[in-house]
Amino acid sequence: MTVKAIHGDLFTMVDDPALVGAAQSYIHIPDGTLVVESGHITAIGKRADIEPTLAASVEVIDHTGALITPGFIDTHIHFPQIDMIASYGEQLLDWLEDYTFPAEALYGDAVHAADAAEFFVRELLRNGTTSALVYGSVHAQSVDALFTAAHKRGMRMVAGKALMDRNVPKQVRDTAESGDKDSRMLADRWHGKGRLGYAVTPRFAPACSDEQLIRAGQMLKDYDGLLMHTHMSENVAEIKWVKDLYPDAKDYLDVYDRFGLLTSTSVFAHCIHLHGEEFQRLGEADAAIAYCPTSNLFLGSGLFNLGEAEKYGVKVGIGTDIGAGTSFSVLETIGEAYKVGQLRGQKLDAFKSFYLATLGGAKALNMESNVGTLEVGKEADFLVFDKTATPLLERRLKHCKTIEETLFVLSILGDDRAIRETWIAGERMHRRRPKSQLKG
Ligand code: GUN
Ligand code: ZN
């Protein structure tokens with residue numbers, strides 16, 4: 001396998017700036033070289049130090065001056081919601097009934113699912129997302145299609161079929177027994193195959209019977225290394241519904257906890273309306289939150305309290321939550337997180353944003369020993385940015401004096417256009433078409 005050396009402006013987060021301070025949280029090598037071999041990073045350093053050590057056979061890729069960072073990690077996204085994204089006017093529960101469940105009902109058709117999976121994975125790569133935790137529909141076919149598309153490209157991806165056996169239309173309903181059987185069949189087929197992993201995926205407490213949640217907890221115990229992926233405390237009407245369904249539960253988190261679903265591999269999307277004790281229990285369990293700012297704004301769900309998550313040491317990653325979220329771009333999504341912080345009186349600096357988008361996300365998905373940073377031994381998933389992607393970006397970035405300012409401007413003005421290349425396991429999987437080929 002060929003060794004490749006990529007020259008560029010290398011930047012990676014290596015720790016949480018809220019814990020260690022900004023200066024200790026990142027590595028920046030402005031004129032650097034990244035060496036990759038057999039899908040992994042084998043060296044990283046100053047170009048002047050690395051270049052003389054390279055054999056003549058090494059393939060050199062010259063991105064001098066271009067920013068290179070780890071790939072983005074999307075900790076919460078729905079694959080079967082690409083055809084109803086941007087649906088008007090409703091908050092969570094009506095939005096699910098009116099738009100979401102009808103769209104997901106079509107994913108029992110393997111041809112439809114395969115076509116959508118190809119689009120979905122290409123869209124992830126175009127936006128610089130190299131790993132994701134993905135909801136399928138209730139149908140096993142949807143997850144087969146998604147894993148097939150991700151596996152073809154060698155992506156580190158985790159997904160699961162949605163478990164939903166009550167309070168949903170029959171076209172998207174399983175049973176406790178069939179949901180369990182399909183989940184185990186999918187995990188047997190895909191979990192640990194290449195870079196893929198399986199997530200036990202209860203839709204949310206109101207859509208799952210006790211029997212279904214008991215089986216979900218059992219499945220987590222029966223396999224090694226599964227994630228648990230669900231929604232929690234997103235919307236006020238949803239929370240009231242959960243309270244009506246479980247009047248003796250202490251709170252929403254307690255409902256999942258009593259079925260064995262609060263673990264160190266659990267990822268809870270949204271968590272907007274938690275109280276301090278719930279954050280504390282999440283932190284103690286080493287569970288994670290997927291913070292989905294565009295979705296939380298679009299559905300009018302509320303403003304996530306990142307400060308509380310930090311206070312209790314809860315792992316947090318960024319979720320685009322397509323199709324309630326409004327962009328596949330994690331870059332654009334951290335820009336929205338900044339604005340939510342402004343509304344909450346919580347400053348979100350660029351180092352923390354990029355931490356959430358990369359290493360924080362990797363930790364949330366328990367994959368930080370594989371991905372999330374540019375370090376020797378990690379899998380070579382990385383991005384090459386285009387600082388001239390738009391006239392405004394090009395103009396504004398010329399005035400940036402520090403890497404922090406550059407990252408911040410990228411997060412506020414950038415989107416898919418700012419991603420020039422996306423690399424998966426040392427192979428270029430996406431290259432943006434040259435501007436001359438673009439219309440307009
Ligand atoms: N809660 C249950 N299902 C969903 C979903 O598909 N999207 C969001 N945002 N919240 C949910
Ligand atoms: Zn969601």
Side-chain angles (χ1 to χ4, degrees), residues 1-15 22-73 125 128 130-131 153-156 195 331 350-351 354-355 357-359 362 368-389 393-394 397-398 400-407 409-410 414 418-435:
M1 211 173 228
T2 49
V3 180
K4 299 187 187 93
I6 301 104
H7 300 316
D9 179 3
L10 307 180
F11 175 84
T12 182
M13 297 304 298
V14 290
D15 212 328
Q24 303 300 316
S25 70
Y26 70 92
I27 294 170
H28 181 212
I29 310 169
D31 196 5
T33 299
L34 187 69
V35 184
V36 304
E37 185 178 359
S38 303
H40 289 76
I41 297 171
T42 53
I44 177 168
K46 289 184 189 154
R47 178 172 177 172
D49 295 337
I50 292 198
E51 213 166 21
T53 70
L54 297 174
S57 58
V58 171
E59 183 185 343
V60 174
I61 295 134
D62 193 1
H63 283 301
T64 302
L67 181 66
I68 297 179
T69 74
F72 292 136
I73 296 178
L125 292 170
T130 48
S131 288
R153 292 161 175 91
M155 295 174 81
R156 184 163 286 286
R195 301 175 76 200
L331 191 61
F351 293 131
F354 270 76
Y355 172 78
T358 57
L359 181 55
E368 74 272 20
S369 56
N370 302 109
V371 293
T373 65
L374 301 180
E375 290 176 295
V376 171
K378 290 279 180 84
E379 294 161 358
D381 291 354
F382 60 89
L383 311 178
V384 181
F385 283 76
D386 179 3
K387 290 188 189 164
T388 67
L393 199 57
E394 183 175 14
L397 285 173
K398 281 195 186 128
C400 290
K401 295 186 181 56
T402 63
I403 184 68
E404 184 172 12
E405 191 182 359
T406 297
L407 295 171
V409 170
L410 277 169
I419 308 301
R420 185 192 286 171
E421 294 182 2
T422 303
W423 288 64
I424 299 287
E427 302 291 333
R428 189 194 285 114
M429 280 295 148
H430 162 74
R431 175 157 39 184
R432 197 167 164 73
R433 286 179 300 163
K435 283 197 198 86

**Message:** Give me the atom names and distance for the closest heavy-atom approach of Leu10 to Gly45.
**Reply:** CD1-O, 4.3 Å
**Fill in**
In short, Val36 meets Ala380 closest at the heavy-atom pair CG1-CB, 3.6 Å
**Partner of Val35 by side chain to side chain contact (heavy atoms under 4.5 Å, CB included), out of Ile41, Thr42, Val58, Thr53** = Thr42
**Lys4 bridged to Glu427 by N-O distance under 4.0 Å** = yes
Rounded to the nearest 0.5 Å, what's the gap from [atom1] on [X] to [atom2] on [Y]? Could you check?
X: Leu331; Y: Phe385; atom1: CG; atom2: CZ; answer: 5.5 Å
X: Met155; Y: Thr130; atom1: CE; atom2: OG1; answer: 6.5 Å
X: His7; Y: Ile50; atom1: NE2; atom2: CD1; answer: 9.5 Å

Could you check whether any side-chain N or O of [X] sits under 3.5 Å from a backbone N or O of [Y], counting only pairs where one atom can act as donor and the other as acceptor?
X: Arg420; Y: Val384; answer: no
X: Thr406; Y: Cys400; answer: no
X: Asp381; Y: Ala425; answer: yes
X: Thr422; Y: His430; answer: no
X: Lys378; Y: Glu368; answer: yes

**Message:** Hydrogens and angles aside, do His63 and Asp9 bring a side-chain donor and acceptor to less than 3.5 Å of each other?
**Reply:** no
**Parallel, tilted or perpendicular: ring planes of Phe354 versus Phe11, cut at 30 and 60 degrees** = perpendicular
